[in-house]
Amino acid sequence: MIVKELRELIRQALMEAAASGEIPSAGEVDFVLERPRHKAHGDWATNVAMVLASKAGRNPRDIADVLVRRLEESACAGKAGKEVATGGVAVLSAVEVAGPGFINFTLDRDRVLSELVRVAGEGEGYGRWDLGRGERVLVEFVSANPVGPLHVGHGRWAALGDALCKLLEAVGYEVGREFYLNDYGAQMEVFAASVEARYLELAGREVEFPAEGYHGSYIRDIARTLIEEDGGRLADATPEERRRELGERAYLLALAHIRESLDAFGVHFDTWFSERELHRSGAVKDEVAKLLQEGLAYSKEGAVWMATSRFGDDKDRVLVRSNGAPTYFASDIAYHLDKLARGYGHLINIWGADHHGYVRRMQAALEAKGYPGVLEVILGQLVNLKRGGEPVRMSKRTGEMVTFDELVSEVGRDAARYLFLTRSQDTTLDFDIQLAVEESMENPVYYVQYAHARICSILRYGLGRGMELSEEVPGPETLRLLGAEEEMDLALKIFEFEELVRDAALDRAPHRLTRYLEELAAAFHLFYNRHRVISDDADLTTARLFLVRCTLQVLRNGLSLLGVSAPESM
RNA sequence: GCGCCUGUAGCUCAAAGGAUAGAGCAACGGACUUCUAAUCCGUGGGUUGGAGGUUCGAGUCCUCCCAGGCGUGCCA
């Protein structure tokens, strides 16, 4: 790939120049190679001379001059017919020193074209890496409490988690997607009691709604479904039996609903891990006992505490309450150890920012167990849902909320996924439903999808005119007909994709992908408006169809990483 | 009080420590007998919350201050 090649050329020039004493040798130099913001600064630029100069106390422009001279010889086409060192193939058409000491590269057109051929050759595989070398990573996300429908915030984690998983897969990790079910503890009982109350109400009984119960209308919906299933027979059962059975059936309904919602969103989990099972199997109890044995936990004031403060936590944390009930923290330790026991070398959890106080203790616990650094927690800021500028509450307790399902059906799956991913998870997301719907024609997702559909339309048009749209790569003479500014800009934008995928994956920043796709689409739309792809000039048409097919491929690869569809027409 | 996140154009947001801080929306003016005008071109719009510091170079890193969000349970 071009970036690698340029880096290698720079390294060579550094070595040679250092060997001849023209520049100070500084061992490994950590330099930046990037696409400059301004076109006048070439196709690529590096700060290597400035880095080296500040290390050696020399003038950066002098060092840059030396390097440029060597690069010109090794990689630049320069004057026509001049031999270049890299196997006779020129990579660059120009290398210049600029500004405070930048070295700006302009790619040789033939090199651009050969890179396009590579893009086409790699097809769906373009942008994939093998950085992970198959290491197994478990990504746990959404993990909503199964006591009601998903809310809008969960949608953000679903979109983010899934995109992150796809990115990690693209760079060579083997990824497991997991949903942790908090199907144990007090909230399940509140849920059961709430459903029970509605059930009895619907059966015509006088009941007092539990003080802390969930007021959402979905509770009544669940109760209605239950009563339709069993004809209300549980109204006369013993309270214990009724509560237990209704709770269980309500849980299964809520869970089924969550699965359906995620399914409709195109997010699929490999595993649904039940907290209850951890308790049932004794894993939680056993782990607490083990921690006591290992001296990592102790008893105090009737409770069992874990000594997390020895591993970076602010204070020690309770594992077993003085009433004998294990805390959520205890089961979470057992849970995370279970993940590791299943062969995952790295754990990623996506949590809402409201859980950030929990991160350190969890990491401390794993460090105590001999797994420092295996748990990575991605904290996502919350979603502020709005409708026409007015905030919409998302409280399960008061029941006033917009569900994830409603959002998806209003805004659409692609737009919802895309919009959730346009912003870094570090920033709270204002999601205005009304705006998303009203402006759906101006939505960035349509802008990107439109580029894809437009290309498909060009290809259809070509087919209709009896054009042969083979997958074959045009010969060099034909390809050399490409060279217009918009064509080269589009090609260069295409080439950014590989590194972008890598960076987005390693930096956990799927939002960069959305931005990139918008830039790529913009480069295409501009090209489209300036040049006809299909014209009377058969060779030029062939060449442009090739460029456009490369664009199509990258749009497709990128959208697929986001989990957004690439429509053939709109 | 302490901890995490955020503060950039009227609005929503981008910018692995790089050159003249960029997009979209909103406003205004242009481009369809031509492969999809859900597009393109142009114009206006900024003391990057404030003050110091680090260095060749700071929206980005450090310190302090201001503002907002979220935490800071023997809740989950």
Side-chain angles (χ1 to χ4, degrees), chain A residues 32 34 36-38 40-41 45-47 50-51 53-54 57 59-60 98-102 104 145 147 182 184-188 190 275 300-305 314-315 317-329 331-332 352-360 379-382 384 389 419 422-432 435 439-451 453-462 464-465 499 503 506-507 509 511-512 514-515 518-519 521-522 524-535 541 544-545 548 569-570:
Chain A
V32 172
E34 64 187 354
R37 278 210 265 260
H38 300 283
H41 299 146
T46 180
N47 65 347
M50 281 136 79
V51 174
S54 85
N59 181 341
F102 289 101
N104 295 339
N145 295 333
V147 295
N182 299 127
Y184 180 90
Q187 56 168 345
M188 293 307 284
V190 173
E275 179 184 8
K300 191 181 91 181
E301 296 163 1
V304 179
W305 300 69
D314 298 333
K315 52 183 174 185
R317 309 289 175 173
V318 171
L319 291 169
V320 182
R321 289 178 275 250
S322 46
N323 68 8
T327 59
Y328 181 80
F329 181 48
S331 50
D332 230 11
D354 51 341
H355 286 72
H356 91 260
Y358 199 73
V359 176
R360 197 175 290 174
L379 287 176
Q381 297 297 314
L382 304 176
N384 291 326
L419 288 174
T422 50
R423 265 140 217 160
S424 156
Q425 59 266 19
D426 287 340
T427 174
T428 50
L429 178 66
D430 279 331
F431 201 117
D432 194 312
L435 231 62
E439 292 182 353
S440 64
M441 291 307 170
E442 309 280 349
N443 253 325
V445 62
Y446 295 107
Y447 183 81
V448 175
Q449 287 182 321
Y450 184 54
R454 234 179 182 179
I455 294 171
C456 290
S457 169
I458 295 169
L459 299 180
R460 276 194 303 270
Y461 179 82
R465 302 204 10 183
E499 286 209 299
D503 293 346
L506 298 184
D507 296 344
H511 74 276
R512 288 207 202 140
T514 63
R515 186 146 296 256
E518 286 156 37
E519 289 167 7
F524 166 73
H525 286 309
L526 179 55
F527 158 76
Y528 177 91
N529 273 277
R530 295 265 170 89
H531 302 283
R532 267 197 79 80
V533 175
I534 292 171
S535 66
T541 298
R544 284 188 173 154
L545 279 172
V548 144
S569 65
M570 291 175 71

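Below, chain A is the first sequence line, B the second, and so on; all start at residue 1.
Atom P of B:A9 sits at a distance of 28 Å from the matching atom of B:G1, rounded to the whole Å. On the C1' atoms, B:U20 is 24 Å away from B:C25, given to the nearest whole Å. Straight-line distance between the P atoms of B:A14 and B:C2: roughly 28 Å, to the nearest whole Å. Distance noted for atom C1' between B:A15 and B:G52: 25 Å (whole Å). When the P atom is compared between B:G44 and B:G22, the two are found 14 Å apart, to the nearest whole Å. Rounded to whole Å, the C1' atom of B:C66 lies 23 Å from the corresponding atom of B:C13. Taking atom P on both B:G7 and B:G30, the two are 38 Å apart, rounded to the nearest angstrom. When the P atom is compared between B:U6 and B:G17, the two are found 13 Å apart, to the nearest whole Å.
The NE2-P distance, from A:His355 to B:C75, rounds to 15 Å in whole Å. Taking atom CG of A:Leu379 as the reference point, atom C1' of B:G71 lies 10 Å away to the nearest angstrom. Look at OH on A:Tyr328: it is 6 Å from C1' on B:A76, rounded to the nearest Å. Here the P atom of nucleotide B:G17 and the CG atom of A:Asp503 are 11 Å apart, to the nearest Å. The CG atom of A:Leu319 sits 12 Å away from the P atom of B:A76 (whole-angstrom rounding). Atom CG of A:Leu419 and atom C1' of B:C13 are 12 Å apart (whole Å). When rounded to the nearest whole Å, the span between CD1 of A:Ile534 and P of B:U34 equals 15 Å.
Not one side-chain nitrogen or oxygen of A:His531 sits closer than 4.0 Å to the OP1 or OP2 atom of B:U39. OP1 or OP2 of B:A19 sits under 4.0 Å from a side-chain N or O of A:Arg37. OP1 and OP2 of B:A31 both lie 4.0 Å or more from every side-chain N or O belonging to A:Tyr528. In this model, the phosphate group of B:C75 is approached by a side-chain N or O of A:Arg321 to a distance below 4.0 Å at OP1 or OP2. At B:A23, none of the side-chain N or O atoms of A:Arg423 fall inside 4.0 Å of OP1 or OP2 (strictly under the cut-off). The phosphate of B:G73 has OP1 or OP2 within less than 4.0 Å of a side-chain N or O from A:Lys315. Of the side-chain N and O atoms in A:Arg454, one or more sit less than 4.0 angstrom from OP1 or OP2 of B:A37. Using a 4.0 Å cut-off, no side-chain N or O of A:Tyr446 falls inside it from OP1 or OP2 of B:A38.
Summarising the geometry, atom CG belonging to A:Leu379 is positioned 9.0 Å from atom CG belonging to A:Asp354; distances are rounded to the nearest 0.5 Å. Between A:Phe329 atom CZ and A:Arg317 atom CZ the span is 7.5 Å, to the nearest 0.5 Å. Atom OH of A:Tyr447 is separated from atom CZ of A:Phe524 by 10.0 Å, given to the nearest 0.5 angstrom. For the atom pair CZ of A:Phe102 and NE2 of A:His41, the computed distance is 8.0 Å after rounding to the nearest 0.5 Å.
Between A:Phe102 and B:A19, a base-stacking contact is recorded: ring centres under 5.5 Å apart, planes less than 30° from parallel. Stacking is not found between A:His38 and the pyrimidine-like six-membered ring of the B:A19 base under the 5.5 Å centre-distance and 30° plane-angle cut-offs. B:A38 has no base stacking with the ring of A:His525 when judged by centroids under 5.5 angstrom apart and an interplanar angle below 30°.
Under the Watson-Crick or G-U wobble criterion, with both distances below 3.5 Å, B:C70 is paired with B:G3. When both distances must be under 3.5 Å, the Watson-Crick or G-U wobble mate of B:C75 does not exist. With a cut-off of 3.5 Å on both pairing distances, B:C32 has no Watson-Crick or G-U wobble partner at all. Summarising the base pairing, B:G52 is matched to B:C62 through a Watson-Crick or G-U wobble pair whose two defining distances lie under 3.5 Å. Of the nucleotides present, B:G10 is the one that pairs with B:C25 by Watson-Crick or G-U wobble criteria, both distances under 3.5 Å. The base-pairing partner of B:U47, taking Watson-Crick or G-U wobble contacts with both distances under 3.5 Å, does not exist among the strands shown.
Taking all atoms of both residues into account, the shortest heavy-atom contact from A:Arg321 to A:Pro326 is NH2-O, 3.1 Å.
Residue contacts shown for A:His511 are limited to sugar-phosphate atoms, with no base heavy atom under 4.0 Å away. Nucleic acid contact for A:Ala509: none, since no nucleic acid atom lies under 4.0 Å from a heavy atom of the residue. At the heavy-atom level, A:Ala303 lies under 4.0 Å from base atoms of the strands shown. Within the nucleic acid shown, A:Ser424 comes within 4.0 Å of sugar-phosphate atoms alone, with no base atom in reach, counting heavy atoms only. In this structure, A:Gln449 reaches neither bases nor backbone, as no heavy-atom distance under 4.0 Å exists between it and the strands shown. Using a 4.0 Å heavy-atom cutoff across all strands shown, A:Ala40 reaches no nucleic acid atom at all. When heavy atoms are screened at a 4.0 angstrom cut-off, A:Val359 is found touching no nucleic acid atom at all. If you check every strand for non-hydrogen atoms under 4.0 Å, A:Arg530 touches sugar and phosphate atoms only.
For A:Arg515, whose side chain is taken as the heavy atoms from C-beta onward, the closest listed nucleotide among B:A76, B:A19, B:C13 is B:C13. When distances are taken from the side chain of A:Arg532 to each of B:A76, B:A37, B:U34, the shortest belongs to B:U34. Nearest to the side-chain atoms of A:Leu526 among the listed nucleotides B:A19, B:C41, B:A76 stands B:C41. Residue A:Leu382 has its side chain nearest to B:C70 when only B:G18, B:C74, B:C70 are considered. Of the candidate nucleotides B:C13, B:C40, B:A19, B:C13 has the atom nearest to the side chain of A:Thr427.
Checked by distance alone, A:Asp354 brings no side-chain donor or acceptor within 3.5 Å of a matching partner on the base of B:G71. Under 3.5 Å, the side chain of A:Thr327 and the base of B:C74 form no donor-acceptor pair of N or O atoms. Counting atom types as modelled, A:Asn104 pairs a side-chain N or O with a base atom of B:A19 as donor and acceptor under 3.5 Å.
In this structure, A:Tyr328 and A:Tyr358 have tilted ring planes: the angle between them lies in the 30° to 60° band.
Nearest-nucleotide assignment on RNA chain B puts the 5′-proximal partner with A:Asn47, out of A:Asn47 and A:Gly185. Between A:Gly302 and A:Asn529, the residue anchored nearer the 5' end of RNA chain B, judged by the nucleotide with its closest heavy atom, is A:Asn529.
Anti is the classification of B:C5, since its glycosidic angle lies more than 90° from 0.
Here the side chains of A:Gln381 and A:Leu429 are not in contact, with every heavy-atom distance at 4.5 Å or above. Contact of the A:Glu518 side chain with the A:Val448 side chain is registered, since non-hydrogen atoms from C-beta on lie closer than 4.5 Å. Under the 4.5 Å side-chain criterion, counting only non-hydrogen atoms from C-beta, A:Ile455 is not in contact with A:Tyr528. The shortest side-chain heavy-atom distance between A:Ile458 and A:Arg544 does not fall under the 4.5 Å cut-off.
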